[in-house]
2 protein chains.
Amino acid sequence: MIRLSKLTDYAIVVLSEMARQVGAVHTVAHLADRTGVPAPTVAKLMKAMTPAGLTTSQRGAAGGYALSRPADAISIAEIITALDGPIALTACVDGADSQCGVEQLCPMRGGWEKVNRAIRNALEEVTLADMMAPITFPAPAAATTSTAAQPARPAH
Amino acid sequence: MIRLSKLTDYAIVVLSEMARQVGAVHTVAHLADRTGVPAPTVAKLMKAMTPAGLTTSQRGAAGGYALSRPADAISIAEIITALDGPIALTACVDGADSQCGVEQLCPMRGGWEKVNRAIRNALEEVTLADMMAPITFPAPAAATTSTAAQPARPAH
DNA sequence: TTCAATCAGGACTAAATTGGTCCTGTATTC
DNA sequence: GAATACAGGACCAATTTAGTCCTGATTGAA
């Protein structure tokens, strides 16, 4: 099947957690705690999110990460692109134009481009806010201690 | 990135070859020859295509495989589904309803379903004929001998 | 000024997936 | 009955991905 990498899945969980308080600064340890995603993995995710402009980072003692925009201004496409590179179904049609010498002859190209565009559009229309919508109401208070305890299998 | 499996890529090449003569019977060896895809791999592909109803098979001495429909009646979605299973971005939303116990609580579900549907639609709208369109005119005669010689890197 | 907290940026290992091969059996035709 | 081809697995190898760890740079507070 067309598989989303597990890291992307985690990223959405972690970013959702951050989205509960836009502007607030979250440390890696804190996010790991709240989401159940292992700390080194959270760190890895954030190192991809920040250069992509989805989060901002602050070093030092009171540092951490913060969402750079509200959740409804962050598309799933951006998250996937930050982690996995350009959204494309085949390797040869991946943004860089001329890796494949036979590109202009390649009979498949036109068809894949159509598919890729459609998929890209679909992913751009779904925002982080869409993904977390149903959980908004009971979460902030309850989560503070209780969800930290239960490992909270990220995706599914 | 969201990756199409290489097998799917090969499948499209092989099916395109078959589509040049709908109804004709092609042996695995023949298809391997014409496309450059290794014979055992072609065999593996066909073993997935036939149960999925995309091709028909005929055993025995004059046997082989044939496309069961013209190329413009075969969608890319069908090919992907035959090889890789249902088209879905996450494992938990893959057709079987209840692998994930928290499904009804799962806050992500709604969002992914939207994405999956969009992708599925996109793939259903592109047919095998779309993928091979540009090569239709010069192919049949020229290909008979010359393309068999050059290994013909499948996709790209 | 020094120390502790925290991100930055890699290198590296282990596990899972995928690609590819091969073998044995069954159907069909000549 | 012999040759041809598909059917259906089991299996191994290679690639990719997930996950960990280490060293350094930056910041804020004691």
Side-chain angles (χ1 to χ4, degrees), chain A residues 1-11 13-14 18 24-33 35-52 54-68 80 82-85 89-91 94 151 153-155, chain B residues 1-11 13-14 18 24-33 35-68 80 82-85 90-91 94 151 153-155:
Chain A
M1 90 211 95
I2 303 181
R3 223 184 58 252
L4 193 67
S5 83
K6 211 187 282 184
L7 278 200
T8 308
D9 207 8
Y10 290 162
V13 173
V14 171
M18 295 176 75
V25 173
H26 307 260
T27 66
V28 166
H30 177 234
L31 289 170
D33 236 42
T35 59
V37 178
T41 300
V42 173
K44 190 176 199 172
L45 288 173
M46 289 329 217
K47 283 174 211 168
M49 297 294 113
T50 304
L54 298 179
T55 56
T56 56
S57 67
Q58 177 66 35
R59 288 186 173 188
Y65 293 96
L67 271 197
S68 57
I80 294 177
L83 283 170
D84 300 329
L89 281 185
T90 46
D94 69 352
R153 304 266 283 84
Chain B
M1 89 210 97
I2 303 180
R3 224 183 58 250
L4 192 67
S5 81
K6 211 188 284 184
L7 278 201
T8 307
D9 207 9
Y10 290 162
V13 173
V14 171
M18 294 176 75
V25 173
H26 307 260
T27 67
V28 165
H30 177 231
L31 289 169
D33 236 43
T35 59
V37 178
T41 300
V42 173
K44 189 175 201 173
L45 288 173
M46 289 326 217
K47 282 175 212 169
M49 297 295 114
T50 303
L54 298 179
T55 55
T56 56
S57 67
Q58 177 65 36
R59 288 186 172 189
Y65 293 96
L67 271 197
S68 58
I80 294 176
L83 283 170
D84 300 328
T90 46
D94 68 353
R153 300 266 284 85

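Each chain gets a letter, A, B and so on, in the order its sequence line appears, and its residues count up from 1. Owing to the predicted nature of the structure, the values given are computational and were not obtained by experimental measurement.
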D84(B) atom CG is separated from dT17(C) atom P, nearest whole Å, by 13 Å
Give a yes/no answer on whether the side chain of S57(A) brings an N or O atom under 4.0 Å of OP1 or OP2 in dA8(C). yes
Which of dG20(C), dA18(D), dA7(D) is nearest the side chain of T41(B)? It is dG20(C)
Of the candidates dC7(C), dA18(D), dC6(D), the side chain of L7(A) sits closest to dA18(D)
Scanning both residues in full, the closest heavy-atom pair of L7(A) with T41(A) reads CD2-CG2, 3.9 Å
When rounded to whole Å, the CG to C1' distance for the pair L45(A) and dT17(D) reads 13 Å
Closest heavy-atom pair, V25(A) versus G64(A), reported as atoms and distance to 0.1 Å, is CG1-CA, 3.4 Å
Exercise for the section: Name the nucleic acid region contacted by H30(B), choosing base, sugar-phosphate or nothing; use a 4.0 angstrom heavy-atom cut-off, strictly under. Expected result: nothing
Smallest heavy-atom separation, P38(B) atom then A32(B) atom, equals C-CB, 4.3 Å
Which atoms of nucleotides 28-30 of chain D (N or O only) lie under 3.5 Å from a protein N or O atom, and what are those distances?
none

Between CE of M46(B) and C1' of dT4(D) the distance, given in whole Å, is 17 Å
Next on the checklist: So, OP1 or OP2 of dA7(D): does either fall under 4.0 Å of a side-chain N or O from Y65(B)?
Outcome noted: yes
> Could one point to a donor on the side chain of K47(B) or the base of dG8(D) with an acceptor on the other under 3.5 Å away?
Replying inline: yes
dist T8(B):OG1 -> I80(B):CD1 (nearest 0.5 Å) comes out at 6.0 Å
Ranking dC7(C), dT20(D), dG19(C) by distance to the side chain of K6(B), first place goes to dG19(C)
In residues 43-55 of chain B, what donor-acceptor pairs under 3.5 Å come from side-chain atoms, sequence neighbours left out?
unit_1 : atom_1 : unit_2 : atom_2 : d
T50(B) : OG1    : M46(B) : O      : 3.1
T50(B) : OG1    : T55(B) : OG1    : 3.0
T55(B) : OG1    : T50(B) : N      : 3.4

Per nearest nucleotide of DNA chain D, the residue lying toward the 5' end, K44(B) or A29(B), is A29(B)
Rounded to whole Å, the CE-P distance (M49(A) to dC7(C)) equals 15 Å
d(L31(B) CG, H26(B) NE2) to nearest 0.5 Å is 6.0 Å
Practice item. Show your working on side chain to side chain contact (heavy atoms under 4.5 Å, CB included) between Y65(A) and V28(A) and close with a plain yes or no. Key: CA-CA 8 Å; Y65(A) 293 96; V28(A) 166; 3.7 Å; yes
L83(B) CG to dT18(C) C1', in whole Å, measures 12 Å
